[in-house]
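One structure below.
Along the sequence shown, the residues carry numbers beginning at 1.
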Amino acid sequence: VAMLGVVGVVVYAQAADGRAVAGQAPQTVFIAKAEVPMGTTAADAVSQQLIVPESVVAKGVPLGALKAVTADIAKQVATSTIQPGEIVLTSRFGALPSTANTSTIPAGMIAITVNLADPQRIAPLLTPQSHIVIFDTLGGKASGAAATTTAQETRILLADVEVIGVGSQTSQPAPTAAAGAQQQQAGNAALVTVAVSPADGQLLVHAVQTGTLLYGGLLGTGVKVNPKSVVNDATILSH
């Protein structure tokens, strides 16, 4: 029994030594030497030496580290800015959210992109060529010298707009006091591109920039939306 115990200790020690040596073995991974702007292809990042291969110890290599730029990866783009000093992960390259090109924009219209969280964009039903109504909720903020709270109201911002592009985006930040509520929804979100007239585009941009909360509704066949309908805290129960 004593001999078996000694043998077991020796075998365990040798295995531990082997793991330690393996952890110190060098592996080649790509490291960002300069900022890689979002939209840069992996091939361009390599050719411009924005990312370069370097040897690091195996135990310092994170899961999913980029070890080789294959033909498939070379065509993909950085989905967000990669900062200098990062060990580049394969997941940092992929396809950007789909965006509309000029051929998909109806004549006389302009394309406007807004960032909507899952509930606000009617996920997962929203697709290009869908028609939506956009609601706009405002008020409920402190205002004036006495810092009184104004009544909230929800109105129809745009009664019927065509969706021409939907692109996924995730991990939105939590709401902050300084940022607009529409752009600060926590959780999953998407870039939704709609085709609107120049005048309606101005309304939409103003609503986004002033921090009102936008909400989309998918229009069914034959539905009519009253563009003058307004609901506020006082009238909501009378509807």
Side-chain angles (χ1 to χ4, degrees), residues 36-44 72 74-81 93-139 153-173 179-185 187-232 239:
V36 181
M38 183 176 69
T40 304
T41 65
D44 287 343
D72 289 339
K75 301 175 184 178
Q76 297 178 352
V77 299
T79 55
S80 60
T81 300
F93 291 96
L96 284 177
S98 60
T99 55
N101 56 46
T102 55
S103 65
T104 64
I105 304 173
M109 298 290 194
I110 61 175
I112 299 290
T113 299
V114 294
N115 194 9
L116 298 179
D118 275 352
Q120 285 87 335
R121 69 179 176 99
I122 326 110
L125 300 178
L126 196 62
T127 59
Q129 283 76 57
S130 298
H131 282 253
I132 62 173
V133 53
I134 299 180
F135 300 93
D136 181 15
T137 299
L138 66 162
E153 69 174 29
T154 298
R155 60 189 177 183
I156 307 297
L157 182 67
L158 299 173
D160 187 344
V161 294
E162 181 183 354
V163 175
I164 58 176
V166 180
S168 297
Q169 187 178 40
T170 59
S171 301
Q172 297 303 294
Q182 191 274 332
Q183 292 183 318
Q184 295 294 322
Q185 294 297 308
N188 293 336
L191 299 176
V192 178
T193 303
V194 295
V196 293
S197 68
D200 286 345
Q202 190 172 9
L203 288 176
L204 184 55
V205 170
H206 179 77
V208 172
Q209 295 292 76
T210 53
T212 55
L213 178 60
L214 301 185
Y215 212 109
L218 188 62
L219 293 173
T221 303
V223 67
K224 297 294 183 182
V225 176
N226 179 8
K228 297 183 179 180
S229 177
V230 177
V231 173
N232 59 39
H239 274 66

Fill in: Minimal non-hydrogen separation, A111 against I164, with atom names
CB-CD1, 3.9 Å
Practice prompt. Only counting residues at least two apart or in another chain, list the ones meeting side chain to side chain donor-acceptor pair (under 3.5 Å) with T127.
Written response: S130
Practice prompt. Give, for atom CG of L116 and atom CG of L126, the distance between the pair rounded to the nearest 0.5 Å.
Written response: 8.5 Å
Item to complete: Locate the shortest heavy-atom distance separating P198 from I110; write the atom from each residue and the value.
Response: CA-CD1, 3.9 Å
Worksheet item: Who pairs with H131 by side chain to side chain donor-acceptor pair (under 3.5 Å), at least two apart in sequence or on another chain?
Response: D160
Worksheet entry | Side-chain touch V194/V114, heavy atoms, less than 4.5 angstrom | no
Practice prompt. Would you indicate whether the side-chain heavy atoms of V196 and L203 approach each other to under 4.5 Å?
Written response: no
Worksheet, complete the sentence: Closest non-hydrogen atoms of G201 and I112, given as atom of the first, atom of the second and distance, are CA-CG1, 4.1 Å
Identify each donor-acceptor pair in which a side-chain atom of residues 218-227 lies under 3.5 Å from a protein atom, sequence neighbours left out, and give them as a table.
{"from": "N226", "atom 1": "OD1", "to": "K228", "atom 2": "N", "distance (Å)": "3.0"}

Worksheet item: Does D136 have any salt bridge (Lys or Arg N to Asp or Glu O under 4.0 Å) partners at least two apart in sequence or in another chain, and if so, which?
Response: R155
Worksheet item: Quick one: CD on E153 to CG on L138, what's the gap to the nearest 0.5 Å?
Response: 5.0 Å
Discussion item. Please find the pair of heavy atoms, one from A195 and one from M109, that lie closest to each other, and give the distance.
Written reply: CB-CB, 4.2 Å
Discussion item. I156 vs F135, test: side chain to side chain contact (heavy atoms under 4.5 Å, CB included). Steps then yes/no.
Written reply: CA-CA 5 Å; I156 307 297; F135 300 93; 3.2 Å; yes
Worksheet item: For the side-chain contact (heavy atoms from CB on, under 4.5 Å) test, which of V133, I134, D200 pairs with L157?
Response: I134
Discussion item. So which atom in E162 and which in P106 form the shortest heavy-atom distance, rounded to 0.1 Å?
Written reply: OE1-CG, 3.8 Å
Discussion item. To check you understand the geometry: which heavy-atom pair defines the closest contact between T40 and F93, and what is its length?
Written reply: O-CE2, 3.8 Å
Discussion item. Test side chain to side chain contact (heavy atoms under 4.5 Å, CB included) on V192 and Q120; report intermediate values, then the result.
Written reply: CA-CA 11 Å; V192 178; Q120 285 87 335; over 6 Å; no
Practice prompt. For T137, check side chain to side chain donor-acceptor pair (under 3.5 Å) against everything at least two apart and list the hits.
Written response: T154
